[in-house]
K.L.:
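The structure under discussion is supplied below as structure tokens; questions concerning it will follow.
Convention: sequence-line order gives letters A, B, ...; per-chain numbering from 1.
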Number of protein chains: 2
Amino acid sequence: MKSSRFAVASHVLVVLAEHDETPVPSADIARSVNTNPAFVRQLSVPLRKAGLVQSVLGPGGGMMLARPASEITLAAVYDAVEEEPLLATHHCEPGRACFVGRNILEALDPVLEGVEGAVRAELSKHSVSSLLRAVQRLDKKR
Amino acid sequence: MKSSRFAVASHVLVVLAEHDETPVPSADIARSVNTNPAFVRQLSVPLRKAGLVQSVLGPGGGMMLARPASEITLAAVYDAVEEEPLLATHHCEPGRACFVGRNILEALDPVLEGVEGAVRAELSKHSVSSLLRAVQRLDKKR
DNA sequence: ACAAATGTAAGCACGTCAGTTACACACTGG
DNA sequence: CCAGTGTGTAACTGACGTGCTTACATTTGT
């Protein structure tokens with residue numbers, strides 16, 4: 001099962017961007033995502049650690065963006081919630097008897113670095129606010 | 001558990017590129033990767049479907065590259081063995097009551113397309129032969 | 001015929017993930 | 001000051017992907 005955290009986290013942040021400046025309770029967000037409030041709160045942990053959201057306790061509380069939506073790139077979202085590299089290497093150490101086995105991981109390393117960099121560069125082109133605008137544009141068309 | 005198929009498939013192809021023109025039995029490849037011969041054969045299925053390798057049955061048989069190593073990019077390897085997109089979307093449909101839920105998937109689509117394209121472009125810069133050269137260069141240093 | 005290989009099906013163990021329940025804690029308003 | 005609202009977090013479950021293994025039919029060279 002592939003992780004959908006990046007997509008869901010983006011969804012959450014767009015909802016927060018829509019309700020600018022006012023806290024949104026996890027129950028409301030969960031209704032939009034169609035999942036459980038606790039799941040949204042769990043997802044909020046890495047987002048808070050990354051300084052993207054903050055929460056207000058007590059009645060009238062909830063989650064809200066910690067900085068302007070235009071200053072949150074999707075690369076930051078990706079970094080916050082999707083910690084592992086997307087292209088994994090061997091689970092078990094390759095056999096060191098063969099010279100390919102001895103060096104393949106090191107040879108593959110710059111390739112995987114490059115991929116990771118390309119992904120981050122591509123995601124840097126978008127922000128939460130641009131994603132919100134895209135959502136609004138699509139909704140108008142209906 | 002993240003998929004390591006791309007890394008292992010690259011490993012296999014580099015081994016095949018080293019033994020140019022002569023078939024390599026799956027048992028030999030498995031020794032280099034440090035895994036099971038049957039697992040290598042399973043991995044060979046998508047590679048054969050993609051026209052990257054071919055196999056020779058019977059004694060003295062095995063797997064070999066179906067075309068020159070310099071003409072097999074790592075993007076082709078990726079396409080062959082890693083069919084699903086690396087960044088998944090929501091597992092369950094978002095709630096259509098909220099206008100964000102109605103449009104988020106469609107809005108996210110071009111972003112994910114862009115990521116996929118960036119990955120493929122980055123992987124196109126490398127080939128099986130360039131990877132083999134990197135392995136050889138690293139081994140000389142030891 | 002025999003042995004060396006592949007191709008493939010079936011199944012196991014383990015890890016990850018989404019989803020859920022439960023509960024302690026924090027804050028606000030009356 | 002206390003009832004209600006909401007967060008933070010731990011624990012658990014079920015589903016699924018993945019690596020790995022066993023097993024067996026099939027092909028082919030000597």
K.L.:
Can you tell me if Ser44(A) touches the phosphate of dT7(D), counting only side-chain N or O atoms and a distance under 4.0 Å to OP1 or OP2?
P.N.:
no
K.L.:
Choosing from dT5(D), dT28(D), dT21(D), which nucleotide comes nearest the side chain of Pro59(A)?
P.N.:
dT5(D)
K.L.:
Assuming nearest nucleotide by heavy-atom distance, tell me which of Lys2(A) and Gly61(A) is located more 5' along DNA chain D.
P.N.:
Gly61(A)
K.L.:
Would you call the rings of Phe6(A) and Tyr78(A) parallel, tilted or perpendicular, where under 30° means parallel and over 60° means perpendicular?
P.N.:
perpendicular
K.L.:
Can you tell me if Ser55(A) touches the phosphate of dT7(D), counting only side-chain N or O atoms and a distance under 4.0 Å to OP1 or OP2?
P.N.:
no
K.L.:
Would you say Glu82(A) and Ser3(A) are linked by a side-chain donor-acceptor pair, where the criterion is simply a distance under 3.5 Å?
P.N.:
yes
K.L.:
For the side chain of Glu84(A) and the base of dT16(C), is some donor closer than 3.5 Å to an acceptor across the two?
P.N.:
no
K.L.:
Quick one: is Ser4(B) getting a side-chain N or O under 4.0 Å of the dG19(D) phosphate, OP1 or OP2?
P.N.:
yes
K.L.:
Val45(A) or Gly58(A): which one's nearest nucleotide on DNA chain D is closer to the 5' end?
P.N.:
Gly58(A)
K.L.:
Looking only at the side chain of Asn36(A) (C-beta and beyond, no hydrogens), which of the listed nucleotides dT28(D), dT20(C), dC20(D) gets closest?
P.N.:
dT20(C)
K.L.:
In whole Å, I'd like the distance from the CD atom of Gln54(A) to the C1' atom of dA26(C).
P.N.:
16 Å
K.L.:
When the distance from CE of Met63(B) to C1' of dT8(C) is rounded to whole Å, what number comes out?
P.N.:
15 Å
K.L.:
Supply the atom-to-atom distance Ser26(A) OG to Leu43(A) CG, rounded to the nearest 0.5 angstrom.
P.N.:
11.5 Å
K.L.:
Closest-nucleotide mapping onto DNA chain C: is Arg41(A) or Met1(A) further toward the 5' terminus? I mean the 5' end.
P.N.:
Met1(A)
K.L.:
Between dT18(D), dT20(C), dT7(D), which nucleotide has the shortest distance from any of its atoms to the side chain of Ser3(B)?
P.N.:
dT18(D)
K.L.:
Check for a donor-acceptor pair, side chain of Ser4(A) on one end and backbone N or O of Ala7(A) on the other, with a separation under 3.5 Å.
P.N.:
no
K.L.:
Could you check how far CZ of Arg5(A) sits from P of dG19(C), rounded to whole Å?
P.N.:
12 Å
K.L.:
Starting at the 5' end of DNA chain C, which residue's closest nucleotide do you reach first, Cys92(B) or Gly60(B)?
P.N.:
Gly60(B)
K.L.:
Gln42(B) has a side chain; which of dA18(C), dG8(D), dT21(D) sits nearest to it?
P.N.:
dT21(D)
K.L.:
Between Phe39(B) (CZ) and dT22(D) (C1'), how many Å, whole number?
P.N.:
15 Å
K.L.:
Could you tell me how far apart Ile29(A) (CD1) and dG8(D) (P) are, to the nearest whole angstrom?
P.N.:
11 Å
K.L.:
For the side chain of Pro25(B), counting heavy atoms from C-beta on, which of dT21(D), dT18(D), dT6(C) is nearest?
P.N.:
dT6(C)
K.L.:
Please determine, for the side chain of Arg48(A), which listed nucleotide (dA23(D), dG19(C), dG8(D)) has the closest atom?
P.N.:
dG8(D)
K.L.:
Under a 4.0 Å N-O cut-off, is there an ion pair linking Arg142(B) with Glu106(A)?
P.N.:
yes
K.L.:
Can you identify which nucleotide, out of dT7(D), dC17(C), dG19(D), has its nearest atom closest to the Ser26(A) side chain?
P.N.:
dT7(D)
